[in-house]
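The model shown is predicted, which means the values in this text are computed figures rather than measured ones. Along the sequence shown, residues carry numbers from 1. Values below: all heavy atoms of this structure, side chains included; hydrogens, waters and symmetry mates excluded.
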Amino acid sequence: KNIPIQKSPRRFCLILALIFIFSIFSVTVNATCQLSNLTSVTATGDPATDIVAAASAQIGKTGAQLGATENWCADFVFSCARLVGIGADVIPTTGSVTALYNGILNAGGQVVSTPQKGDLVFYSPLANTHVAIMTDSINSIHGNVNGDSSGSFHLTSRVTLCKYTDYVGAYQYVFVR
């Protein structure tokens, strides 16, 4: 039964109040998938060398082989970091490229103009489309690339080594150390 607004002002006010409260306290959910099947490496104690070694050990593996359940470039970065003992206080545990970028900067990371081994490269105008790990000043290791477009991209995509400029050349890049 439809109740006219003028006959139930308390109910109408309650609904408006709930809408207002939920609009103020909206929650952003970032999916996160700790990749579970990474090949282990021996950490040297040098974070740049270690994260590159962790990423290098995964080259050629697919998302399915690594246990990915979503688009996983950011998951790949933080999973490689955890594999070699780099904590969430340095590289946050998040599946969101934007949250990863902001978290690293908030933890003291800095945007740099010339990349070096161990830096991260973020792609797009707002550093929010894709992320990879620099192996040196030219090459980078990417998770979640070169999959088929059948709807299961995250399962068929692979860990790939390439020049950072070869990944979707139309994008801008931002390097973070």
Side-chain angles (χ1 to χ4, degrees), residues 30 32-63 65-68 70-148 153-154 156-177:
N30 294 320
T32 301
C33 170
Q34 176 83 38
L35 300 178
S36 56
N37 299 319
L38 276 73
T39 300
S40 63
V41 295
T42 302
T44 66
D46 174 43
T49 298
D50 293 345
I51 197 167
V52 169
S56 295
Q58 317 316 316
I59 291 174
K61 291 186 177 183
T62 65
Q65 291 170 320
L66 295 173
E70 62 186 15
N71 288 331
W72 50 277
C73 63
D75 298 325
F76 178 69
V77 169
F78 85 73
S79 294
C80 286
R82 294 308 165 274
L83 186 65
V84 294
I86 299 170
D89 58 325
V90 177
I91 297 180
T93 303
T94 180
S96 162
V97 175
T98 301
L100 185 67
Y101 176 78
N102 291 330
I104 291 170
L105 293 181
N106 289 338
Q110 297 184 0
V111 173
V112 296
S113 58
T114 305
Q116 62 186 35
K117 176 173 64 176
D119 288 351
L120 301 183
V121 55
F122 290 86
Y123 291 86
S124 92
L126 301 174
N128 63 356
T129 302
H130 182 70
V131 61
I133 300 167
M134 296 298 298
T135 62
D136 54 35
S137 63
I138 298 170
N139 299 297
S140 53
I141 300 175
H142 301 253
N144 200 40
V145 294
N146 298 330
D148 72 34
F153 185 87
H154 71 279
T156 60
S157 58
R158 298 186 174 277
V159 177
T160 305
L161 172 69
C162 63
K163 291 181 181 178
Y164 75 85
T165 55
D166 288 348
Y167 177 80
V168 194
Y171 284 110
Q172 296 172 337
Y173 357 95
V174 175
F175 304 105
V176 176
R177 179 170 309 133

Item to check | Check against side chain to side chain contact (heavy atoms under 4.5 Å, CB included), Val41 and Asp50 | outcome: CA-CA 8 Å; Val41 295; Asp50 293 345; over 6 Å; no
Checklist entry - Just how far is it from atom CD1 of Ile91 to atom CD1 of Ile86, taken to the nearest 0.5 Å? => result 5.0 Å
Checklist entry - Got Leu66 and Asp75 here, is their nearest side-chain heavy-atom distance under 4.5 Å? => result no
Next on the checklist: Quick test of your reading: applying salt bridge (Lys or Arg N to Asp or Glu O under 4.0 Å), list the pairs with at least one residue in residues 106-120, sequence neighbours left out, ordered by first then second residue.
Outcome noted: Asp119-Arg177
Next on the checklist: Determine whether Thr62 and Thr156 satisfy the following criterion, side chain to side chain contact (heavy atoms under 4.5 Å, CB included), listing intermediate values before the conclusion.
Outcome noted: CA-CA 6 Å; Thr62 65; Thr156 60; 5.9 Å; no
Checklist entry - Do Gln116 and Ser137 have side-chain heavy atoms sitting under 4.5 Å apart? => result no
Checklist outcome for this item: Rounded to the nearest 0.5 angstrom, the OG1-CD1 distance for Thr135 and Ile51 is 12.5 Å
Checklist entry - In terms of ring plane angle, is the pair His142 and Tyr123 parallel, tilted or perpendicular, where the classes change at 30° and 60°? => result tilted
Checklist entry - OG of Ser124 to CD of Gln172: how many Å apart, nearest 0.5 Å? => result 7.5 Å
Next on the checklist: Give me the atom names and distance for the closest heavy-atom approach of Gly67 to Ser36.
Outcome noted: CA-OG, 4.1 Å
Checklist entry - Nearest 0.5 Å, what's the CG-OG distance between Leu120 and Ser140? => result 10.5 Å
Item to check | Close side-chain approach of Asn37 to Lys61, heavy-atom, < 4.5 Å | outcome: no
Item to check | Side chains of Val121 and Pro115 in contact at under 4.5 Å (non-hydrogen atoms) | outcome: no
Next on the checklist: Nearest 0.5 angstrom please: Asn144 CG to Arg158 CZ, how far?
Outcome noted: 12.5 Å
Checklist outcome for this item: Smallest heavy-atom separation, Asp136 atom then Ile138 atom, equals OD1-N, 2.7 Å
Item to check | Nearest heavy atoms of Thr93 and Ala88, plus distance in Å | outcome: OG1-CB, 3.8 Å
Item to check | pair Thr165-Tyr173: side-chain heavy atoms closer than 4.5 Å | outcome: yes
Checklist entry - Do Thr94 and Tyr101 have side chains that get closer than 4.5 Å, going by heavy atoms? => result no
Checklist entry - When you look at Thr39 and Gln58, which way does the side chain to side chain contact (heavy atoms under 4.5 Å, CB included) test go after all the steps? => result CA-CA 6 Å; Thr39 300; Gln58 317 316 316; 3.7 Å; yes
Item to check | Val52 vs Ile133 side-chain heavy atoms within contact, under 4.5 Å | outcome: yes
Checklist entry - Which distance, rounded to the nearest 0.5 Å, do you find between the CG of Leu35 and the CD of Gln65? => result 12.0 Å
Next on the checklist: If you compare all heavy atoms of Val84 against all heavy atoms of Ala54, which two are closest, and at what distance to 0.1 Å?
Outcome noted: CG1-CB, 3.9 Å
Checklist entry - What are the two closest heavy atoms between Gly95 and Phe78, and how far apart are they? => result N-CE2, 4.5 Å
Checklist entry - Is the closest side-chain heavy-atom distance between Ile141 and Leu161 below 4.5 Å? => result yes
